[in-house]
K.L.:
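My questions will all concern the structure given below.
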Amino acid sequence: MSKKQRTLHRKLIFRIQLFFRNFPALPYILKWLCISMIIGTLVGTASAGFLQSLNWATDFRENHIWMIALLPVAGFIIGLLYNYYGKEVEAGNNLLIDSIHDPKEIIPFKMAPFVYLGTMATHFFGGSAGREGTALQMAGAIADQLSKPFKLDRTERRILLIAAIAAGFGSVFGTPLAGAVFGLEVFLIGRIRYNALFPAFASAILADWVTDLWNVKHTHYHIDYIPKLEFLPVLYSVLAGIAFGICAAGFSRSIHWMGSVFKSKIKYPPFRPVIGGIIVALAVFAMGTTRYIGLGIPVILESFERPLPMYDFALKMIFTLVTLSAGFKGGEVTPLFFIGATLGSALSLFIPLPFGLLAGMGFVAVFAGATNTPLACMLMGIELFGVESGVYIAIACVISYLLSGHNSIYTKQKIGEAKNRRYDNDRDRSISDL
């Protein structure tokens, strides 16, 4: 190499170094964009397959109602599978949250197929459960396998899991912005980890895009009329938010209490979903309706079309509590959407707001209170129902979040900032410790 070439080479290296000094975030962005593309592709594809198979299972069950009689048998098989082969992944979403707080062993990949099969069996035979738990666990188990190839340290593994949760949530509901904030918000009440901001948004948006590429359609909701923002509608929104917060706290407390009852009364774990399955199946055949099992999407849509009776939300809550407390797999979020939307629709009989608006407010506000994720739920409401409803959605979510107290469906959530000064000493303690 000649002297002139060496001089040019040194100048080029100097300019590259100067460029990276002027833009220090660029290596971080490039690295996490690469990882997020992999997460988005894998998780988006997994979510697409899961949603398609879930639709098939629901349609098949509704056309073969007799299959609900086999729910106890399906529960026994799920119980055996987890008791003998899946104890290390049985904690589900709480394992993901715990791994963000204190990353230890790589999350076993088998969490993904286990929760997928368990959730499919639950829906195929008529349990009342959701889909977000499955999407998050599949995403976390898939994404955490990237930790070793990319040689990620503890802090970077936390970011990876947050991005995975964001991708799973955003792709399964078609709400990438809400999914990103949910991943940032769900593990620590009252705080957001900003060093995961870019990976969370990139992964959620890419995963949602990949799911769309697979031609998977999400449910669309519509609020017919939104009143002008005035004092009385705002006051009514606060009252509705109080009802949603009480409902959220009640659901969170009940699911943990009922789970402890099943564990204390039935010592052999595989028998718990058997008993739960018998209760659910007998209730379905006694009532002569499948209205309160599965995801319940048709009833959620109905809540935006007319005021529903008050017992709809209560019955869905009971069916979901029995199903999930007994050990069936799935998620709590879609049932919470059902509970919140039907409660809101019913509240229109007492609160002078349009039933469609109240249904939309309840849809996200009960979820906000039960998961302590008000910001994600505000964004979700705007993504699903439009920006015109944003203020009403925000009021309901904030009131529900505050009123639900330090309760959560996720016991491994930790308190970053207490909801009031009375609980300042509880910072950094988990819900299970409380």
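For the single chain, residues carry numbers from 1 onward in sequence order. Keep in mind the model is a prediction, meaning the values are calculated, not measured.
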K.L.:
Which pairs would a plain distance check flag for residues 63-75, meaning a side-chain donor or acceptor within less than 3.5 Å of a matching protein atom at least two apart in sequence or in another chain?
P.N.:
unit_1 : atom_1 : unit_2 : atom_2 : d
N63    : ND2    : D59    : O      : 2.9
H64    : ND1    : F60    : O      : 2.8

K.L.:
Indicate the ring-plane relationship of F367 and F169, choosing parallel, tilted or perpendicular according to the 30° and 60° boundaries.
P.N.:
parallel
K.L.:
Taking G92's backbone N and O only, do any of them form a donor-acceptor pair with K329's side chain (distance below 3.5 Å, no angle check)?
P.N.:
no
K.L.:
For a quick test of your reading: what N or O donor-acceptor pairs under 3.5 Å do the side chains of residues 226-250 make, sequence neighbours left out?
P.N.:
unit_1 : atom_1 : unit_2 : atom_2 : d
S237   : OG     : P233   : O      : 2.8

K.L.:
Looking at side-chain heavy atoms only, is the closest gap between T411 and H256 below 4.5 Å?
P.N.:
yes
K.L.:
Would you say the side chains of S128 and T320 form a donor-acceptor pair under 3.5 Å?
P.N.:
yes
K.L.:
Got a donor-acceptor contact below 3.5 angstrom from the Y116 side chain to the A46 backbone?
P.N.:
no
K.L.:
Do V299 and K316 come within less than 4.5 Å of each other through their side chains, counting heavy atoms only?
P.N.:
no
K.L.:
With a 4.5 Å heavy-atom cut-off, do I100 and K412 have their side chains touching?
P.N.:
no
K.L.:
Just wondering, more than 12 heavy atoms not from K31 lying within 6.0 Å of its NZ?
P.N.:
yes
K.L.:
Can V274 and I266 be said to form a side-chain contact (heavy atoms from CB on, under 4.5 Å), step by step?
P.N.:
CA-CA 10 Å; V274 173; I266 306 171; over 6 Å; no
K.L.:
For the backbone of V186 and the side chain of Q413, can you confirm whether one donor and one acceptor N or O come within less than 3.5 Å of each other?
P.N.:
yes
K.L.:
Assess whether side-chain contact (heavy atoms from CB on, under 4.5 Å) is satisfied between V284 and F319, documenting all intermediate values.
P.N.:
CA-CA 9 Å; V284 169; F319 272 85; 3.8 Å; yes
K.L.:
How far apart are the closest heavy atoms of L349 and P307, and which atoms are they?
P.N.:
CD2-CB, 4.3 Å
K.L.:
Can you tell me if H222 uses its side chain to pair, donor with acceptor, with the backbone of E305 under 3.5 Å?
P.N.:
no
K.L.:
Indicate the atoms forming the closest heavy-atom contact of T323 with V280, along with that distance.
P.N.:
OG1-CG2, 3.7 Å
K.L.:
Strictly distance-based, threshold 3.5 Å: is any side-chain N or O of S325 a donor or acceptor partner for the main-chain N or O of V322?
P.N.:
no
K.L.:
Go through it in stages, so that I can follow the logic: the residues are D312 and R291, the test is salt bridge (Lys or Arg N to Asp or Glu O under 4.0 Å), and I'd like the CA-CA distance, side-chain angles, deciding distance and then a yes or no.
P.N.:
CA-CA 9 Å; D312 269 347; R291 186 177 179 86; 3.0 Å; yes
K.L.:
I want to know whether F304 and F385 have ring centres closer than 6.0 Å.
P.N.:
yes
K.L.:
Given side chains that start at C-beta, do those of I107 and L161 come closer than 4.5 Å, heavy atoms only?
P.N.:
yes
K.L.:
About how many Å separate OH of Y401 and CG of L375, when rounded to the nearest 0.5 Å?
P.N.:
8.5 Å
K.L.:
When you measure from the side chain of E132 to the backbone N and O of G168, does any donor-acceptor pair fall under 3.5 Å?
P.N.:
no
K.L.:
Apply side-chain contact (heavy atoms from CB on, under 4.5 Å) to the pair M310 and L343, showing each step before the final yes or no.
P.N.:
CA-CA 6 Å; M310 189 65 75; L343 173 59; 3.8 Å; yes
K.L.:
Yes or no on side-chain contact (heavy atoms from CB on, under 4.5 Å) for T122 and L324, after CA distance, side-chain angles and deciding distance?
P.N.:
CA-CA 10 Å; T122 299; L324 297 179; over 6 Å; no
K.L.:
Could you tell me if N407 and S404 have a donor-acceptor pair between their side chains, going purely by distance under 3.5 Å?
P.N.:
no
K.L.:
Is there a donor-acceptor pair closer than 3.5 Å between any side-chain N or O of S345 and the backbone N or O of L308?
P.N.:
yes
K.L.:
Quick check for you: to the nearest 0.5 Å, what is the distance between E156 atom CD and W32 atom CH2?
P.N.:
6.0 Å
K.L.:
Check I393 against G381 and note the closest heavy-atom contact, atom names and distance.
P.N.:
CG2-CA, 4.1 Å
K.L.:
Compare every heavy atom of A365 with every heavy atom of S400, then report the nearest pair and how far apart it is.
P.N.:
OG-O, 2.7 Å
K.L.:
Assert yes or no for the condition that the ring centre distance of F173 to F182 is strictly below 6.0 Å.
P.N.:
no
K.L.:
Measuring from S47:OG to W214:CH2, what's the distance to the nearest 0.5 Å?
P.N.:
12.5 Å
K.L.:
Is a donor on one side and an acceptor on the other found under 3.5 Å between the side chain of R131 and the backbone of T334?
P.N.:
no
K.L.:
Short question: side chain of E383, backbone of A178 - any donor-acceptor pair under 3.5 Å?
P.N.:
yes
K.L.:
Are I35 and L160 packed together at the side-chain level, in the sense that at least one heavy-atom pair is separated by less than 4.5 angstrom?
P.N.:
yes
K.L.:
For the side chain of R158 and the backbone of H101, is there at least one donor-acceptor N/O pair under 3.5 Å apart?
P.N.:
yes
K.L.:
Can you tell me if CZ on F271 sees more than 12 non-hydrogen neighbours from other groups inside 6.0 Å?
P.N.:
no
